[in-house]
Amino acid sequence: MLEKTFTPGAIEPEIYAQWEASGAFAAHPESGKRPYCIMMPPPNVTGSLHMGHALTFTLQDILTRFERMRGRDVLWQPGTDHAGIATQMVVERNLEAAKTTRHDLGRAKFIERVWQWKTESGGTITRQLRSLGASPDWPRERFTMDDGLSAAVRRVFVQLHKEGLIYRDKRLVNWDPKLHTAVSDLEVEGRETKGSLWYIAYPVEGSDESITVATTRPETMLGDTGIAVHPDDERYRHLVGRHVVIPLVNRRIPIVADAYADPTAGSGAVKITPAHDFNDFEVGKRHNLPLINIFDADARLNDAVPEAYRGLDRFAARKKILADLEAAGRLAKTEPHILMVPYGDRSGVVIEPWLTDQWYCNAAELAKPAIEAVERGATVFVPRNWENTFFEWMRNIQPWCISRQIWWGHQIPAWYAPDGRIFVEETETAAQAAARAHYKKDVALERDADVLDTWFSSALWPFSTLGWPTETIELKRYYPTDVLVTGFDIIFFWVARMMMMGCKFMGEVPFKTVYIHALVRDERGQKMSKSKGNIVDPLRVIEKYGTDALRFTLTALAAQGRDIKLAESRIEGYRNFATKLWNAARYAEMNECRLDAEFDPAKAELTVNRWIAASLAHATLRVTAAIEEFKFNDAADALYHFVWGNFCDWYLEFTKPILTGADAAAKAETRAMTAWVLGQVVHLLHPIMPYVTETLWTHLAGEKAGMLITARWPHYGGLADAEAAAEMDWVVSLIAQIRTARAEMNVPPGNEIAAFITEAGATELAWIERHGDQLRRLVRLSMIHPVDAKAPAKQNSIQVVVEGASLLLDLAGAIDLGKERARLKKEEQAIRDELDKIAAKLGNPNFVARAKPEAVEEQRNREAEARASLARLDAAIARIGGA
RNA sequence: GGGCGUGUAGCUCAGUGGGAGAGCACUUCCUUGACAUGGAAGGGGUCGUAGGUUCAAUCCCUGCCACGCCCACCA
């Protein structure tokens, strides 16, 4: 027997363990089934589950379970990412607590510590994924720093280097002065900041004139090597070619003409600091201006600046320089100014453009085939508009700085000879051999200390996890993968780079479809973040409402093209849905509705049974199509309404008289149908709500039927039944009308009343007769008298008018006739309003002439129906003496 | 500056070229043998705004307003 209430917490771990142990999650590369593959975006190995994970993994799991049930050989490839900077930061924080640093430890020891940390905490996220019900092929779990994946990284690096697509370059990078590493453009976020625009007057050499420049970063003046004005700017034309002397520094720098200077911005003259500004770097190159690096790795002023400023932090330096300028009378004016300041997304400190040697990847070259692949539709984005975003970025892509000055990650396979020559090889021995060949003798090689950007290895994920560069059966079978499910926030970081690397090394796109889902926000639409304190913890939700409730909620809210604002009331509502389903199953069990293998729903005879089967078939089509089209919310909606609205509210209530009645054949058919529909429903719901459905299936079908996770997805023909639908729709509307009339006339719900049919067509009469038991029960009628029976007095009865029939309910006591009249008049008015609308249309010759014939026909039908109802309603009003 | 998206019931959001929907909230009633995590009835919206296309627009097109996000080197 099913328990009185569904307690998810008690059963989930047990069911999950059964699934996992049964091998139901496993891919079968040797099978003859059609393959289907999803690459799990690897979460950070030291991370823990947040709502974004919950959403993305729920959707992936839905697709996985759905396709598995449809008979595909599904590989959902799991794994985790080493997350270089993030993980290193976590471990460094731990060290800090132990009053030590990575530098105290040394590189080897530190890396050992990180591995140790990975061992300790790396299981957290995968454990949490399990509690979410995710069903990837766990034994195939990979880590981006596994031997195999590391070998793939080296292979790719070396090959791209040999082709000149990876190279070393000295240029400005985004330097993180806290983390002491370069970061890529993507890891820098601009934050709008209230600052100032300071106008500084630089005296022109050999003249009384001075030239004023505007700057948001006065401290960089110590590194100025020029002043630029626009070549057409009349105000400054006479100064081009002359020199100014930098205040406080007393260095002589030229005034150059360059179109970069915008005459309308600031003073029209701009200071040029080539070593500390990306634009200035370019201007400097054009005019051969020297680069003066004034910062050290901490962004403190170095020895290239006057002694008074050396060692100062950049912000302290700004203050002092402004004060000194003021004192020297060189600060012309100060304006408030809003500017975008670059911050490191990990460190949260201001990023400094800094001149260093780094490794770069020629992304523009790699992007070409990836762009072309999306253009020709080899990869399709869903929703389609994300392709614009992809194209926009890929067509303007900048060189990708791939080296990081941290320790945790894939160390770059480059070795330096004493003379600075670089040998890039997959192993040190190969590098040694190459060096020996070059120098004709052994030389000591030193390995590049840097590691690769984490996203470099992630970019290889779709093929490195499948065994590349080895030609494995998995690689042949599952690449290209079917769909990548991810959020738009990592299109650039990850999707674009996988496209580049996949096209380059596999010669084929990594996935046929990229489904981009929304971001999960809090109920006010704010991005969830620790600092805002608005995080909804999925694990807490699971504990409180159950995994299925969370999964269903996320699914129901996963409409394309919109963010998800997660309100707890929504989760509660869908938890109730799980309870509803549970209780329906309990009801079925109590009424001995058992699955019958012999039962053929297409052969059902009772209208109500034919109707529910047809409704189910319709819902099944909707759900299937919705999942195929990634319209997850539609799938959830169709299921919710079928289960609650059709099956529970109507079918189960409607068939109660049959189950308690005397007609054995009808009872048997209804029991079998109830069990069958329930069985189908748990199939359809399983991808979204795996736990409750698996539990119910076991109860319904028994242990030997096999687990639901391995069952076949429903598919049927021949169940559509327009006649049954018409009949049931009519009975439902009759019941609704009677209920409304009773409620509005304040008839106590418990009162049983006799009904008299005053008017009915032959069809309607037959329907009333056929469903008499249901009518008596569902709207509390004691008796239904035929058309010619003696009707009660008008002051004792209320009237019900539906399409094709009128009834009179005998209250056996005086009613408020005025109220009854008003009620009927209100109904009449509604019908008249509708008739007016229809008349306006049909009265329009253009409509009749130009609209589709079906549309005209439909209006005519509606008009006829409305007129008939109106006539009966008027008759009813006349009966009680209304005008 | 460029790109994308959003504006529909009190709130959160679906939706469709031809009769405005859901969940939650609200009002009234109901502890009837699955379910009060429930059932029944009900109130509530000129579908942001101004035009255009169309026989017909909440839906398609254009402008505008508001909000959000992404990208971008303007001092």
Side-chain angles (χ1 to χ4, degrees), chain A residues 2 4-6 185 190 197-198 213-217 228 260-262 264-273 277-282 337 339-340 353 383 385-386 388-389 391-393 396 488-489 491-492 519 521 523-525 527 545 549 553 556-557 559 561-570 572-591 633-634 637 640-641 645 648-649 652-653 656 660 736 739-744 746 748-750 777-780 834 837-838 840-841 844-852 854-856 858-859 862 866:
Chain A
L2 287 165
K4 172 110 170 116
T5 49
F6 173 49
D185 295 347
L197 196 55
W198 289 281
V213 300
T215 182
T216 56
R217 299 202 58 194
Y260 165 69
D262 178 354
T264 66
S267 64
V270 59
K271 63 195 261 326
I272 302 297
T273 321
D277 182 282
F278 290 101
N279 289 312
D280 294 5
F281 183 81
E282 296 301 322
H337 185 73
L339 70 162
M340 295 293 268
N385 55 288
W386 289 110
N388 292 331
T389 306
F391 286 138
E392 173 66 19
W393 191 69
N396 298 298
F488 61 80
D489 51 332
I491 290 179
F492 303 146
L519 235 50
R521 299 172 179 280
E523 58 191 307
R524 291 203 311 279
K527 202 167 169 174
Y545 299 102
T553 305
L557 296 178
R562 199 198 274 257
D563 284 345
I564 292 178
K565 291 179 195 160
L566 190 66
E568 194 156 329
S569 61
R570 226 50 211 255
E572 199 179 331
Y574 292 124
R575 184 272 319 269
N576 296 351
F577 176 61
T579 307
K580 188 78 181 173
L581 178 69
W582 180 266
N583 280 302
R586 265 183 75 221
Y587 165 82
E589 190 178 51
M590 290 164 73
N591 283 282
N633 59 316
D634 279 354
D637 184 70
Y640 187 95
H641 286 102
C648 293
D649 282 350
L652 294 186
E653 293 303 327
K656 275 176 183 170
T660 55
R739 281 174 173 166
T740 301
R742 286 183 60 132
E744 290 191 2
N746 298 324
R777 179 192 162 92
L778 294 178
V779 284
R780 296 246 156 189
E834 200 197 336
K837 275 195 212 166
I838 298 170
K841 278 195 176 170
N844 178 352
N846 283 326
F847 173 71
V848 180
R850 303 200 195 185
K852 285 175 297 189
E854 309 91 81
V856 179
E858 192 191 335
Q859 294 302 320
R862 281 175 54 194

The side chain of [X] is closest to which nucleotide in this list: [options]?
X	options	result
A/Arg739	B/A34, B/A40, B/U37	B/A40
A/Glu744	B/G42, B/G18, B/A14	B/G42
A/Met590	B/A34, B/G23, B/C30	B/A34
A/Pro749	B/A34, B/C29, B/C69	B/C29
A/Thr579	B/G19, B/C35, B/A14	B/C35
A/Asn279	B/A22, B/C73, B/C69	B/C73
A/Thr264	B/G18, B/C74, B/C24	B/C74
A/Phe492	B/C69, B/C71, B/G18	B/C71
A/Ala584	B/A14, B/A72, B/A34	B/A34
A/Arg780	B/A41, B/U32, B/A22	B/U32

Is there a Watson-Crick or G-U wobble partner for [N] with both distances under 3.5 Å, and which nucleotide is it?
N	value
B/U49	B/G63
B/U58	none
B/G44	none
B/G38	B/C30
B/U12	B/A22
B/G68	B/C4

Within the structure shown, what part of the strands sits under 4.0 Å from [X] by heavy-atom distance: base, sugar-phosphate, or nothing?
X	result
A/Ala261	base
A/Asp649	sugar-phosphate
A/Arg586	sugar-phosphate
A/Ala559	sugar-phosphate
A/Lys4	sugar-phosphate
A/Gly266	base

In whole Å, what separates the [atom1] atom of [N] from that of [M]?
N	M	atom1	answer
B/G43	B/U27	P	15 Å
B/C13	B/C69	P	14 Å
B/G48	B/C55	P	25 Å
B/C73	B/G2	C1'	14 Å
B/C47	B/G17	C1'	15 Å
B/U8	B/C26	P	22 Å
B/G42	B/G21	P	13 Å
B/C60	B/U16	C1'	12 Å

Compare side-chain N and O positions of [X] against OP1 and OP2 of [N] and report whether any pair is under 4.0 Å apart.
X	N	answer
A/Asn583	B/U37	no
A/Thr740	B/G42	yes
A/Arg862	B/G19	yes
A/Lys841	B/G19	yes
A/Lys565	B/C13	yes

Expressed in angstrom and rounded to an integer, what is the separation of [X] atom [atom1] from [N] atom [atom2]?
X	N	atom1	atom2	value
A/Tyr587	B/G38	OH	C1'	15 Å
A/Asp489	B/G5	CG	P	18 Å
A/Glu572	B/G38	CD	C1'	13 Å
A/Arg850	B/U54	CZ	C1'	9 Å
A/Asn633	B/U12	CG	P	18 Å
A/Phe488	B/U6	CZ	P	13 Å
A/Leu2	B/C35	CG	C1'	13 Å
A/Tyr640	B/A22	OH	C1'	8 Å

Checklist entry - Does the B/A34 base have a donor-acceptor partner in the side chain of A/Glu653 within less than 3.5 Å? => result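 Per atom types, the contact qualifies.
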Next on the checklist: Quiz question: going by heavy-atom distance under 3.5 Å, is there a donor-acceptor pair between the base of B/A34 and the side chain of A/Lys656?
Outcome noted: yes
Check: [Y] and [X] side chains under 4.5 Å, non-hydrogen atoms:
X	Y	result
A/Arg739	A/Leu778	yes
A/Glu282	A/Tyr260	no
A/Val270	A/Val213	no
A/Ile564	A/Leu519	no
A/His641	A/Asp637	yes
A/Leu566	A/Leu557	yes
A/Phe492	A/Thr389	yes

Item to check | Verdict with reasoning, A/Lys271 to A/Thr273, per side chain to side chain contact (heavy atoms under 4.5 Å, CB included) | outcome: CA-CA 7 Å; A/Lys271 63 195 261 326; A/Thr273 321; 3.0 Å; yes
Next on the checklist: For A/Tyr640 together with A/Tyr574, are the ring centres under 6.0 Å from each other?
Outcome noted: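 Ring centroids of A/Tyr574 and A/Tyr640 are less than 6.0 Å from each other.
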Next on the checklist: Tell me every residue that passes side-chain contact (heavy atoms from CB on, under 4.5 Å) with A/Ala559, counting only those two or more places apart in sequence or in another chain.
Outcome noted: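 With sequence neighbours excluded, A/Ala559 shows a side-chain contact (heavy atoms from CB on, under 4.5 Å) to A/Asn633, given in chain and number order.
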Checklist entry - Between A/Leu197 and A/His641, which is nearer to the 5' end of RNA chain B once each is assigned its nearest nucleotide? => result A/His641
Next on the checklist: On RNA chain B, does the nearest nucleotide to A/Asn385 precede the nearest nucleotide to A/Arg777 from the 5' side, or the other way round? Give the residue.
Outcome noted: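 Comparing both residues, the 5'-ward one is A/Asn385.
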